Amino acid sequence: MTAETGTADMGRDFIRDIIQADLDAGRAASVVTRFPPEPNGFLHLGHAKSICLNFGVAREFGGKCHLRFDDTNPVKEEQLFIDSIQRDVRWLGFDWGENLYYASDYFEQLYAWAEHLIETGHAYVDDTPPEAMRAQRGTLTEPGQNSPFRYRTPAENLDLFRRMRAGEFPNGACVLRAKIDMTSGNMNLRDPVLYRILHAHHPRTGDTWCIYPTYDFAHGQSDAIEGITHSVCTLEFEDHKPLYDWLIGHLPVPAQPKQYEFARLNVSYTVLSKRILTTLVRDGHVSGWDDPRMPTLAGFRRRGVPPAALREFVSRVGVARANSVVDVAMLDSAIRDTLNPVAPRRMAVLRPLKLIIENYPEGQTETLEAINHPDHPALGVRPITFGREIYVEQDDFMENPPKKFYRLSPGKEVRLRYGYFVTCREIIKDDAGQVTALRCTYDPATKGGNAPDGRKVQATLHWVAAADAVEAEVRLYTHLFARPDPGADGDVMADINPASLDVLTGCLVEPALASAATDTTVQFERTGYFVADPDGIRERPVFNRTVGLRDTWAKVQATGR
RNA sequence: UGGGGUGUCGCCAAGCGGUAAGGCAACGGAUUUUGAUUCCGUCAUUCGGAGGUUCGAUCCCUCCCACCCCAGCCA
């Protein structure tokens with residue numbers, strides 16, 4: 001199954017065990033799940049976990065997964081988000097087919113059920129002001145007090161509720177509450193609000209309603225209407241389950257869906273809170289919802305992270321009920337693992353250092369051949385230009401190298417990938433003493449990178465020819481937050497990493513990169529994975545670093561110094 | 001001091017009474033025209049703690065400890 005669908009095998013978890021058991025015992029004939037986002041922001045990594053779980057489970061068990069917008073709060077929801085969510089779910093690799101729904105599609109039915117609750121004496125209209133209601137609700141350790149409006153007759157409640165719908169009252173004047181138990185240890189059962197007055201324009205229903213159902217009243221009933229068999233949500237809704245069941249049990253709904261909870265995803269150095277992500281966008285800390293540093297699906301897409309990498313990551317993390325914080329290194333690893341076998345290799349010099357090959361004929365250039373992928377000959381080769389002047393990475397040269405430095409240094413010979421062996425002969429510095437160029441000699445016999453005499457070099461450097469290199473801008477991104485647990489000290493914004501973006505200009509890339517597609521992540525050899533950003537123009541492409549290559553040398557430098 | 005949850009390697013996470021999977025990270029070593037990849041190898045006598053039941057417990061019982069969620073007319 002997993003093999004033929006080509007998706008990551010999520011393995012086994014308690015949700016799948018429950019579903020399997022329900023299927024085996026005949027408690028469910030088939031599986032129907034749903035992914036229920038509220039359209040008040042962009043989808044992020046946390047949603048990816050839920051999407052992979054809900055759609056993945058449906059696919060694995062031959063069932064279906066609905067995409068249902070939980071659009072019950074018009075003051076926060078927008079069409080822009082409804083559109084972005086659909087795009088992102090598809091991008092992640094899932095399809096809801098004909099099953100696109102909106103909780104707002106059920107407003108009329110939900111309203112009818114609300115009247116049913118009133119008629120059966122299980123709901124009442126309460127005029128208590130918000131502050132007073134909060135006081136009456138009691139605390140975590142003290143029971144609440146019954147509202148004085150709790151004893152209104154069904155007839156009176158029905159009249160009031162209809163007038164609420166008719167728009168006779170202003171926002172906040174009253175609400176419809178379920179009549180359950182003000183002394184319950186579960187706060188959700190202390191006569192929860194079912195409907196509130198909101199004179200607001202809804203992106204779907206416009207101005208036809210001025211009262212809207214709350215999450216609790218809309219969610220479970222929507223599940224029942226759609227025949228959802230397994231309503232999977234995160235742990236914080238666990239306390240809502242008794243209410244979810246109470247409503248299902250007191251209403252003439254067509255099905256009895258069951259809710260199951262799993263732990264939401266947390267990742268180190270990252271924030272997965274729609275509220276905070278919204279703030280980052282709103283206050284301009286990032287360029288937008290799709291800023292490559294954002295943990296949003298749109299952000300990952302722009303950063304060059306393939307959807308398969310996200311699926312792989314989610315699969316590796318697993319599904320359980322224990323709160324945890326996944327090391328962001330696990331994400332990077334999943335990204336590298338999915339990119340490495342498919343990303344075309346290219347050469348790009350981020351911080352150029354000119355290298356003049358003295359014994360190479362002036363004005364001459366030649367064409368060499370570079371392999372597109374070391375493990376896949378089928379991906380072919382491409383021509384690259386070699387000439388008297390080329391550029392290498394500044395990091396690949398050291399005037400006074402430490403013992404373990406394999407790269408270029410005075411008198412040392414290295415290989416230019418797919419080119420020749422070159423030896424550093426002389427350092428050229430400016431008045432300030434900065435190295436501006438290196439004079440080298442090359443060995444004509446080593447064309448292609450092999451020495452006929454079997455001579456070895458310790459390093460192979462990437463490079464670009466001055467003759468046809470294309471100038472580019474490269475944006476290096478690192479964690480948006482400076483600490484593994486942003487906000488742990490109270491203020492998340494104070495933990496924003498001021499160095500999360502390093503813009504490099506004057507970078508030189510091989511010509512093949514001039515017209516790189518924004519949806520194909522490539523590997524800049526020895527540097528990392530990069531993708532063209534839409535900001536780039538033909539004459540001056542822009543690249544975003546998706547993730548760097550594992551760098552053992554950097555580690556050696558950092559520790560063994 | 002109310003209700004609901006969770007505690008297995010540095011980080012995730014299997015395990016469901018028979019004597020601790022796997023991944024990430026880390027650390028060795030081999031290969032390498034990317035100090036990448038790949039490849040071998042090391043990495044929990046121990047499962048929050050203390051008792052108990054049992055021939056035998058991470059899995060069952062009791063008590064204790066720690067952490068998370070809940071007092072929106074948000075979802």
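So that the names make sense, note that chain A is the first sequence line, chain B the second, and so on, each numbered from 1. On a predicted model such as this, the values are computed, not experimentally measured, just so you know.
Only the C1' atoms considered, B/G29 is 50 Å distant from B/C61, to the nearest whole Å. Comparing the C1' positions of B/C60 and B/U54 gives a spacing of 9 Å, expressed to the nearest Å. Of the C1' atoms belonging to B/A21 and B/C12, the separation is 14 Å, rounded to the nearest Å. When the P atom is compared between B/G23 and B/G49, the two are found 26 Å apart, to the nearest whole Å.
Across all strands, A/F313 comes closer than 4.0 Å to no nucleic acid atom at all (heavy-atom distances). Within the nucleic acid shown, A/Y212 has no heavy atom closer than 4.0 Å to any nucleic acid atom.
Within 6.0 Å of the CD atom in A/E78, the count of heavy atoms belonging to other residues, nucleotides or ligands exceeds 12. Atom CZ of A/R275 is surrounded by 12 or fewer heavy atoms from other residues, nucleotides or ligands within 6.0 Å.
Comparing atom distances between the A/Q523 side chain and each of B/G2, B/U34, B/C24 picks out B/U34 as nearest.
Of all nucleotides present, only B/U6 satisfies the Watson-Crick or G-U wobble test against B/A66, with each distance under 3.5 Å. Figure legend. B/U19 is base-paired to no nucleotide; pairs are counted as Watson-Crick or G-U wobble with both atom distances under 3.5 Å. In this structure B/A30 sits in a base pair with B/U38, meeting the Watson-Crick or G-U test at under 3.5 Å. Across all strands shown, B/U46 has no partner, as no Watson-Crick or G-U wobble contact with both distances under 3.5 Å is found.
Remark: A/E226 engages A/R68 in a salt bridge, criterion side-chain N to carboxylate O under 4.0 Å.
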Item checked: Intermediate values then yes/no, salt bridge (Lys or Arg N to Asp or Glu O under 4.0 Å), A/R321 and A/E238 -> CA-CA 11 Å; A/R321 287 177 63 87; A/E238 202 159 12; 2.3 Å; yes
Next item on the list: Applying side chain to side chain contact (heavy atoms under 4.5 Å, CB included), run through A/F69 and A/E38 and close with a yes or a no.
Entry: CA-CA 6 Å; A/F69 286 97; A/E38 180 191 13; over 6 Å; no
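A/T234 meets the side-chain hydrogen bond (donor to acceptor under 3.5 Å, both in side chains) test with A/E236; sequence neighbours excluded. A/Y269 meets the ring-ring contact (aromatic ring centres under 6.0 Å, His included) test with A/H479; sequence neighbours excluded.
Summary of the strand contacts: A/D337 and A/F14 both lie near RNA chain B, and taking for each the nucleotide with the nearest heavy atom, the more 5' one is attributed to A/F14.
Here B/G72 is in the syn range [glycosidic angle within 90° of 0].
In this structure, A/R152 forms no cation-pi arrangement with A/Y124, as its terminal cationic atom is not both closer than 6.0 Å to the ring centre and no more than 45° off the ring axis.
For the salt bridge (Lys or Arg N to Asp or Glu O under 4.0 Å) with A/D396, the lone residue among A/R415, A/R526, A/K412 that qualifies is A/R526. Here the rule is side chain to side chain contact (heavy atoms under 4.5 Å, CB included) with A/R382, and of A/I371, A/N372, A/L368 only A/N372 fits it.
In this structure, A/D17 places its CG atom 20 Å from P of B/C59, rounding to the nearest Å. Rounded to an integer number of Å, the gap from A/I18 CD1 to B/C16 C1' is 14 Å. Rounded to whole angstrom, the span from the CG atom of A/N340 across to the P atom of B/C24 amounts to 13 Å. Per the geometry, CZ belonging to A/R16 stands 11 Å off P belonging to B/A14, to the nearest Å. As rounded to whole Å, 11 Å separates atom C1' of B/U34 from atom CG of A/D551. Look at CG on A/D332: it is 17 Å from C1' on B/U37, rounded to the nearest Å. Spacing between atom CG of A/D485 and atom P of B/C67 amounts to 16 Å, rounded to whole angstrom units. In this entry the distance linking CG of A/D191 with C1' of B/A71 reads 14 Å, nearest Å.
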Margin query: Within the 4.0 Å limit for protein heavy atoms, which parts of nucleotides 3-11 of chain B are touched? Write it as a string from 5' to 3', B for base, S for sugar-phosphate only, - for none.
Written below: BSSSS---B
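RNA chain B is contacted by A/P374 of residues 369-386 of chain A, taking any non-hydrogen atom closer than 4.0 Å.
In terms of heavy atoms, A/M164 sits closest to A/Y195 at CE-O, 4.4 Å.
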With the criterion being N/O to N/O and under 3.5 Å, what pairs connect the protein with nucleotides 72-75 of chain B, and how long is each?
unit_1	atom_1	unit_2	atom_2	d
B/G72	OP2	A/R137	NH2	3.3
B/C73	OP1	A/R137	NH2	3.1
B/C73	OP2	A/R137	NH1	3.4
B/C73	N3	A/G172	O	3.4
B/C73	N4	A/T128	O	3.2
B/C73	N4	A/P130	N	3.4
B/C73	N4	A/G172	O	3.1
B/C74	OP2	A/R196	NE	3.1
B/C74	OP2	A/R196	NH2	3.0
B/C74	O3'	A/R196	NH2	3.2
B/C74	O2'	A/N73	ND2	3.2
B/A75	OP1	A/T72	OG1	2.6
B/A75	OP1	A/R196	NH1	3.3
B/A75	OP1	A/R196	NH2	2.9
B/A75	OP2	A/Y215	N	2.9
B/A75	O3'	A/D70	OD2	3.4
B/A75	N6	A/H240	NE2	3.1

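Within the 4.5 Å cutoff, the side chain of A/Q259 has no heavy atoms near those of the A/H219 side chain.
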Could you tabulate the donor-acceptor pairs under 3.5 Å formed by side-chain atoms of residues 41-48 of chain A, not counting sequence neighbours?
unit_1	atom_1	unit_2	atom_2	d
A/H44	ND1	A/G46	N	2.9
A/H47	ND1	A/H44	N	2.9

